[in-house]
Peer 1: 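Just passing along the structure, written as structure tokens.
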Amino acid sequence: SQTIHQWPATLVQPVGSPLSLECTVEGTSNPNLYWYRQAAGRGLQLLFYSVGIGQISSEVPQNLSASRPQDRQFILSSKKLLLSDSGFYLCAWSGDGYQPQHFGDGTRLSIL
Amino acid sequence: DQQVKQNSPSLSVQEGRISILNCDYTNSMFDYFLWYKKYPAEGPTFLISISSIKDKNEDGRFTVFLNKSAKHLSLHIVPSQPGDSAVYFCAASGITGGGNKLTFGTGTQLKVEL
């Protein structure tokens with residue numbers, strides 16, 4: 001069966017520091033991969049998605065970037081974190097077509 | 001521009017009764033709709049979905065209804081159980097060449113009381 005792993009579960013970072021969050025999927029090949037952010041009291045906002053290695057689409061302008069160095073690995077990065085980058089970050093995968101997305105357990109990011 | 005709206009931030013239901021969660025959308029290009037359940041500090045869990053060619057889909061205690069003319073969908077949970085207490089998100093998608101991107105509502109907190 002397919003599983004998705006996301007780490008770390010929680011992270012506290014100072015303003016201006018770099019960020020790297022990692023997500024890996026097992027049990028499937030060539031998944032579509034997604035990064036979402038949930039701000040406090042808000043819904044899930046799609047940040048990036050990828051349909052293949054090296055293919056990244058950005059949904060909203062921001063201080064973050066994403067990369068997909070391997071088929072089942074998706075990385076969310078920042079060179080310099082802002083206070084507004086605080087939130088709950090979720091990685092998800094799906095197959096093609098009318099398929100649900102399946103989420104990892106998320107990373108709670110707090111910026112001090 | 002909120003294309004998927006859940007106008008009730010919270011809902012309280014007694015155990016054994018029906019829970020009805022509602023969702024409205026504005027984008028007529030959406031043709032695939034999903035419901036997710038989320039516990040605190042966890043990722044959302046997929047519950048049930050429906051495509052626009054159907055008006056009802058049922059899976060155990062969960063039924064999703066789609067009214068395309070009203071751009072409205074609802075999730076019925078019968079009978080409601082205490083373990084159903086969670087935040088429920090509806091989501092919608094219009095399949096494009098760029099993967100299955102979902103637009104989420106802001107969620108409804110369901111509390112099932114004993």
Side-chain angles (χ1 to χ4, degrees), chain A residues 1-11 21 23 25 30-52 55-60 66 68 74 87-110, chain B residues 1-10 21 23-25 27 29-54 57 59 62 64 66 86-109:
Chain A
S1 64
Q2 301 89 358
T3 56
I4 180 168
H5 302 280
Q6 199 180 332
W7 66 94
T10 59
L11 188 61
L21 301 180
C23 171
V25 180
N30 197 30
N32 297 318
L33 297 172
Y34 311 84
W35 278 111
Y36 288 86
R37 175 171 58 205
Q38 184 184 19
R42 308 285 293 275
L44 280 71
Q45 181 185 36
L46 179 63
L47 302 176
F48 300 96
Y49 70 93
S50 172
V51 299
Q55 300 178 62
I56 309 294
S57 295
S58 174
E59 288 297 293
V60 292
R68 183 170 178 174
F74 206 23
F88 190 50
Y89 288 83
L90 290 153
C91 181
W93 75 272
S94 77
D96 287 327
Y98 293 96
Q99 298 288 330
Q101 292 180 20
H102 302 280
F103 288 81
D105 283 334
T107 295
R108 172 72 58 192
L109 175 63
S110 299
Chain B
D1 176 29
Q2 192 72 24
Q3 297 187 66
V4 178
K5 300 179 184 179
Q6 294 177 256
N7 292 318
S8 297
S10 63
L21 297 101
C23 180
D24 298 293
Y25 62 96
N27 189 338
M29 298 302 292
F30 288 147
D31 58 2
Y32 180 56
F33 304 88
L34 309 90
W35 283 95
Y36 284 83
K37 173 181 179 180
K38 185 181 181 302
Y39 294 117
E42 293 183 9
T45 301
F46 168 69
L47 276 177
I48 192 168
S49 63
I50 188 167
S51 71
S52 59
I53 62 173
K54 292 186 169 184
N57 189 26
D59 183 1
F62 302 93
V64 56
L66 176 63
V87 177
Y88 288 78
F89 290 98
C90 69
S93 170
I95 298 293
T96 67
N100 183 6
K101 297 188 289 182
L102 297 180
T103 301
F104 282 83
T106 52
T108 296
Q109 173 76 58

Peer 1: Under a 4.5 Å heavy-atom cut-off, does chain B meet the side chain of A:Gln38, its backbone, both or neither?
Peer 2: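 The side chain, not the backbone.
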
Peer 1: With chain B as the partner, which of A:Gly43, A:Gly106, A:Pro100 has the greatest number of non-hydrogen pairs under 4.5 Å?
Peer 2: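 If we count pairs closer than 4.5 Å to chain B, A:Pro100 comes out on top.
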
Peer 1: Which atom names give the shortest non-hydrogen contact between A:Tyr36 and B:Leu102, and what distance separates them?
Peer 2: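 Heavy atoms only, the tightest pair is OH-CB, 3.7 Å.
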
Peer 1: Quick one: closest heavy-atom pair of A:Gln99 and B:Tyr32, and the distance?
Peer 2: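 Between these two residues, the closest heavy atoms are C-OH, 3.5 Å.
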
Peer 1: Using non-hydrogen atoms and a 4.5 Å limit, figure out which bit of A:Leu44 sits close to chain B: side chain, backbone, both or neither.
Peer 2: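 Contact with chain B is through both the backbone and side chain of A:Leu44.
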
Peer 1: State which residues pass side-chain hydrogen bond (donor to acceptor under 3.5 Å, both in side chains) with B:Lys37; sequence neighbours excluded, sorted by chain then number.
Peer 2: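 Applying side-chain hydrogen bond (donor to acceptor under 3.5 Å, both in side chains) to B:Lys37 gives B:Tyr39.
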
Peer 1: Quick one: side-chain contact (heavy atoms from CB on, under 4.5 Å) partners of B:Thr103, sequence neighbours excluded?
Peer 2: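 Once residues adjacent in sequence are excluded, the partners of B:Thr103 under the side-chain contact (heavy atoms from CB on, under 4.5 Å) criterion are B:Gln3, B:Val4, B:Phe30.
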
Peer 1: Residues two or more places apart in sequence or in another chain: which of them pass side-chain hydrogen bond (donor to acceptor under 3.5 Å, both in side chains) with A:Tyr89?
Peer 2: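 With sequence neighbours excluded, A:Tyr89 shows a side-chain hydrogen bond (donor to acceptor under 3.5 Å, both in side chains) to A:Arg37, given in chain and number order.
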
Peer 1: So what's closer than 4.5 Å to chain B heavy atoms on A:Gln55: side chain, backbone, both or neither?
Peer 2: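 Neither the backbone nor the side chain of A:Gln55 comes within 4.5 Å of chain B.
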
Peer 1: Less than 4.5 Å to any heavy atom of chain A: does that hold for the side chain of B:Ala91, its backbone, both, or neither?
Peer 2: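 No part of B:Ala91 comes within 4.5 Å of chain A.
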
Peer 1: Test your reading of the model: is there a side-chain donor-acceptor pair from B:Tyr36 to the backbone of A:Gln101, 3.5 Å cut-off?
Peer 2: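 Yes, B:Tyr36 side chain to A:Gln101 backbone: donor-acceptor pair under 3.5 Å.
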
Peer 1: What are the residues of residues 42-50 of chain B, in order of number, with any heavy atom under 4.5 angstrom from a heavy atom of chain A?
Peer 2: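 So the qualifying residues are B:Glu42, B:Gly43, B:Pro44, B:Phe46.
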
